[in-house]
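Quick notes on the structure that follows.
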Amino acid sequence: MTTIEGFPIVPRAVRWAAHAAPLTLLPSGLWRCAIAFGMPSGFGASDPMHRSNFPGWTSLYLIGLSLVAEGLGLLTLGLVRPWGERVPRWVPVLGGRNIPVPAAAVPASLGAAAVTVITVLSSFGWDEEMADPTAPKGAAAWLMTACYLPLLAWGPLLGWVTVAYYRRRRKAG
């Protein structure tokens with residue numbers, strides 16, 4: 001198998017998928033952060049997401065949720081980069097050691113399955129949620145939907161990259 005610096009070459013399509021995975025989280029994260037800073041989101045006055053509640057303590061939750069989600073999405077890159085196969089040398093005690101395939105593949109597989117199930121099930125209830133009288137209407141509803149729609153691709157992209165990681169590492173090892 002062809003390698004670069006001792007690591008098997010990752011197919012271009014898999015690299016693109018790994019880079020696309022965290023990008024699927026970006027629109028919803030930016031939307032939540034905008035709300036956290038007081039952007040009018042179209043929610044009714046009695047809804048906790050109404051702009052009169054922001055900025056406030058809930059802002060920290062929305063920003064934190066966005067950062068954690070994006071951080072998890074960025075971990076997908078480890079499935080196509082050397083730091084996902086060998087612990088970087090600068091890490092105390094473990095630096096330079098190979099990462100066991102199951103240590104990356106099992107959590108990534110579980111994450112892909114969970115994210116897929118959660119986003120698909122949530123999409124089935126989207127119309128019902130948006131029918132709530134305090135939910136955004138018109139352009140605000142379209143913007144919110146457009147920001148959350150890419151999340152449907154996160155699980156499948158992560159799953160594809162995980163399968164490719166597993167196959168590549170099994171062949172190499």
Side-chain angles (χ1 to χ4, degrees), residues 1-33 35-36 48-49 58-130 144-173:
M1 174 173 268
T2 308
T3 63
I4 295 176
E5 298 177 18
F7 296 100
I9 293 178
V10 178
R12 180 177 294 170
V14 174
R15 282 195 318 262
W16 279 86
H19 285 82
L23 292 176
T24 64
L25 296 145
L26 198 56
S28 60
L30 291 173
W31 184 82
R32 283 190 299 271
C33 288
I35 289 173
M49 295 297 287
T58 309
S59 296
L60 295 176
Y61 167 75
L62 291 177
I63 293 168
L65 174 62
S66 298
L67 290 173
V68 167
E70 197 60 46
L72 290 171
L74 288 168
L75 284 176
T76 308
L77 296 175
L79 299 172
V80 298
R81 303 291 303 148
W83 54 266
E85 297 183 21
R86 187 177 305 138
V87 179
R89 294 215 179 272
W90 57 264
V91 175
V93 182
L94 299 176
R97 293 186 185 184
N98 283 337
I99 295 172
V101 175
V106 170
S109 298
L110 294 173
V115 166
T116 301
V117 167
I118 290 167
T119 56
V120 168
L121 289 178
S122 295
S123 71
F124 285 126
W126 192 258
D127 286 342
E128 194 174 302
E129 290 291 325
M130 297 307 279
M144 182 175 153
T145 302
C147 287
Y148 276 90
L149 189 61
L151 286 176
L152 288 168
W154 182 23
L157 286 169
L158 175 56
W160 180 25
V161 174
T162 302
V163 169
Y165 173 88
Y166 179 81
R167 288 179 177 167
R168 186 179 71 254
R169 291 288 312 275
R170 279 293 177 210
K171 282 182 189 176

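For the single chain, residues carry numbers from 1 onward in sequence order.
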Give, for atom [atom1] of [X] and atom [atom2] of [Y], the distance between the pair rounded to the nearest 0.5 Å.
X      : Y     : atom1 : atom2 : result
Leu67  : Leu62 : CG    : CG    : 11.0 Å
Arg168 : Ile9  : CZ    : CD1   : 10.5 Å
Arg81  : Arg15 : CZ    : CZ    : 9.0 Å
Arg97  : Arg86 : CZ    : CZ    : 13.0 Å
Arg89  : Leu94 : CZ    : CG    : 12.5 Å

Which pairs would a plain distance check flag for residues 109-127, meaning a side-chain donor or acceptor within less than 3.5 Å of a matching protein atom at least two apart in sequence or in another chain?
residue, atom, partner, partner atom, Å
Ser109, OG, Ala105, O, 2.7
Thr116, OG1, Ala112, O, 2.7
Thr119, OG1, Val115, O, 2.8
Thr119, OG1, Thr116, O, 3.2
Ser122, OG, Ile118, O, 2.8
Ser123, OG, Val120, O, 2.6
Trp126, NE1, Thr145, OG1, 3.0

- [ ] Please name all residues satisfying ring-ring contact (aromatic ring centres under 6.0 Å, His included) with Trp160, sequence neighbours left out, ordered by chain then number.
- [x] none
Identify the two heavy atoms, one from [X] and one from [Y], that lie closest to each other, and give their separation to 0.1 Å.
X      : Y      : answer
Tyr165 : Ala104 : OH-CB, 3.5 Å
Pro22  : Glu70  : O-OE2, 2.8 Å
Ala36  : Ile63  : CB-CG1, 3.8 Å
Arg169 : Ile99  : NH2-O, 2.7 Å

Please enumerate all residues that pass side chain to side chain contact (heavy atoms under 4.5 Å, CB included) together with [X], with sequence neighbours excluded.
X      : result
Pro88  : Trp83, Trp90, Val91
Leu72  : Val68, Leu75, Trp154
Trp16  : Arg12
Ala108 : Leu79, Leu158, Thr162

- [ ] Taking the side chain as every heavy atom from C-beta outward, state whether Leu157 and Thr76 have any atom pair closer than 4.5 Å.
- [x] no
Could you give the side-chain donor-acceptor pairs of residues 24-33 under 3.5 Å, partners two or more places apart or in another chain?
residue, atom, partner, partner atom, Å
Thr24, OG1, Ala21, O, 2.6
Ser28, OG, Leu25, O, 3.1
Arg32, NE, Ser66, OG, 3.0
Arg32, NH1, Tyr148, OH, 3.1

